[in-house]
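The structure appears below as structure tokens.
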Amino acid sequence: MQTSSNGLICGVVEGFYGRPWNARQRHQLFGWLRSGRMNTYVYAPKADLKHRNRWREPYDEVECAELGALVRDCHQHGLRFVFGLSPGLDICFSSQPDFQALVDKLGQLIGLGCRDFALLFDDIPSDLPRSDVAAFGSLAEAHCDLANRVAQSLRAQLADPLILFCPTPYCGRMAILNPDYLPEVGRLLDSRIQVFWTGPEIVSGTIPSGSIEAVSAKIGRKPVLWDNLHANDYDLRRLNLGPYSGRPLDLRGAVSGILLNPNCQFESNFVPVHTFSDYLNAEAEYDPRAAFRRAVTGWLPQFASDGASPVTEQDLEFMGDVFYLPYGFGDRARDFLALFRELCREVPEPGKGAEALRRLAAECSALMGLFEKMCDIRNRDLLHALYPLLWELKEEAALIRACAAWLASDRAGGVGFQSQEHLPHTYRGGFVAELQRLLPMDSAGFFGDHTR
Ligand code: GDL
């Protein structure tokens, strides 16, 4: 297995909610990881029923063939394949049959060539199951006891397996609400088991190195970051195409690993994975924007098309700026928003603001053009990974461009602006949108005054 230059466990955890990636996509990922000098892939797709909801059930013959091929493909790329199991929704920690089911399940994977494992207790009830109250004093104690027994069983079968553990409070915010859990992990969990951590938040915009010291002190070891910076499963209108950022280089010395849990749409992860590799391999400095530009250049060949007007590097950079990172947009998207915001704040008098309106219309045209060019690319999987978001973007761009044209006109007749294509009661609608309108979240995360 290849070791990263700094000895970190590093790579990707496929740990999101939604459709798991397929063998072809994972094969491509392994190539990216290998060329980026990373060393680990963690298999933990929440929607593999036998990984989580029905964890006790063994994989059938077809699934075994697929998983076995995946493990081999991963190993052939010089990477560690970690199989994650997430039994916490309904396991009884004191039950011997449940322990046996777990060991049997991991044994099935050992039979398929897997040598490294993760036990994941994220996103499960934070109370000890009633059936375990007599046996354990706390949830942390039950989790550690199980993990230690699993580790013992794995070590009896394998030479020096990597064993990872995801605690139930796995970020700073959660640890505050559940202050006893992590110190118990520090005391009770076998010291050779690695512990996952997502940073101050589930999706951490920044992870200061100092924030790691506190958690390391509690858990008695350096954590492995499960980094959700580019994850988008929690909001399907997002895509995070921006560079790995908000993590200082000295963070690499404060943790024992970093694994990226990225966008659900596999093909959209080229820039996240490649900039992450730049960060991992950087010697003295890492400039996220420069890494972003380099990655965009590397991504461009995948947009080859037979169309008259192919996608350009500028197009990709603009798309990346629009779908950037969870807590900020890229340069050109920020400028676009600032211009539009200003025009909304102070709508120009008829005959005024021509230059600003022209600039706005030009940016809208660029976004609409981007969509048209994308439709011609040969890599249809890549197109469809981006399509729903690009469609919505070009629809808004068309609306804003029409509005800009109306504002630039003499606005004869005195009626307001209306679009023929955006029908009232169908636009920005649907059941979920209705619920979201009824429950707006304020900037502190509270849902309307009445619920405080
Ligand atoms: C989570 C889940 C993860 C999900 C991510 C982003 C962890 C440890 N667990 O809480 O499966 O993809 O948030 O929504 O991060």
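For ligands, and for the atoms within them, numbers begin at 1 and follow the listed sequence. The first residue in the sequence is number 1, and the count goes up from there.
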Extract all N/O-N/O pairs under 3.5 Å that connect ligand 1 to the protein, and present each with both atom names and the distance rounded to 0.1 Å.
unit_1: ligand 1; atom_1: 9 (N); unit_2: Asp122; atom_2: OD2; d: 2.8
unit_1: ligand 1; atom_1: 10 (O); unit_2: Tyr170; atom_2: OH; d: 2.4
unit_1: ligand 1; atom_1: 11 (O); unit_2: Gly15; atom_2: O; d: 2.6
unit_1: ligand 1; atom_1: 11 (O); unit_2: Lys46; atom_2: NZ; d: 2.9
unit_1: ligand 1; atom_1: 12 (O); unit_2: Asp233; atom_2: OD2; d: 2.6
unit_1: ligand 1; atom_1: 12 (O); unit_2: Asn261; atom_2: ND2; d: 3.0
unit_1: ligand 1; atom_1: 14 (O); unit_2: Asp233; atom_2: OD1; d: 2.6
unit_1: ligand 1; atom_1: 15 (O); unit_2: Trp226; atom_2: NE1; d: 3.1
unit_1: ligand 1; atom_1: 15 (O); unit_2: Asn228; atom_2: ND2; d: 2.8

Among Gln265, Arg237, Arg238, find the one that has a side chain to side chain donor-acceptor pair (under 3.5 Å) with Asn232.
Gln265
What orientation do Phe93 and Phe121 show, parallel under 30°, tilted 30 to 60°, or perpendicular over 60°?
tilted
Listing, residues 327-334 side-chain donor-acceptor contacts under 3.5 Å, not counting sequence neighbours, or none:
unit_1: Tyr327; atom_1: OH; unit_2: Val203; atom_2: O; d: 2.6
unit_1: Asp331; atom_1: OD1; unit_2: Arg334; atom_2: NH2; d: 2.8
unit_1: Arg332; atom_1: NE; unit_2: Glu363; atom_2: OE2; d: 2.8
unit_1: Arg332; atom_1: NH2; unit_2: Glu363; atom_2: OE1; d: 3.0
unit_1: Arg334; atom_1: NH1; unit_2: Phe329; atom_2: O; d: 2.9

Donor-acceptor contact present, side-chain Asp60 to main-chain Val62, <3.5 Å
yes
Do Tyr234 and Phe16 make the cut of ring centroids closer than 6.0 angstrom?
no
Pairing donors with acceptors under 3.5 angstrom, does anything connect the side chains of Asp104 and Gln100?
yes
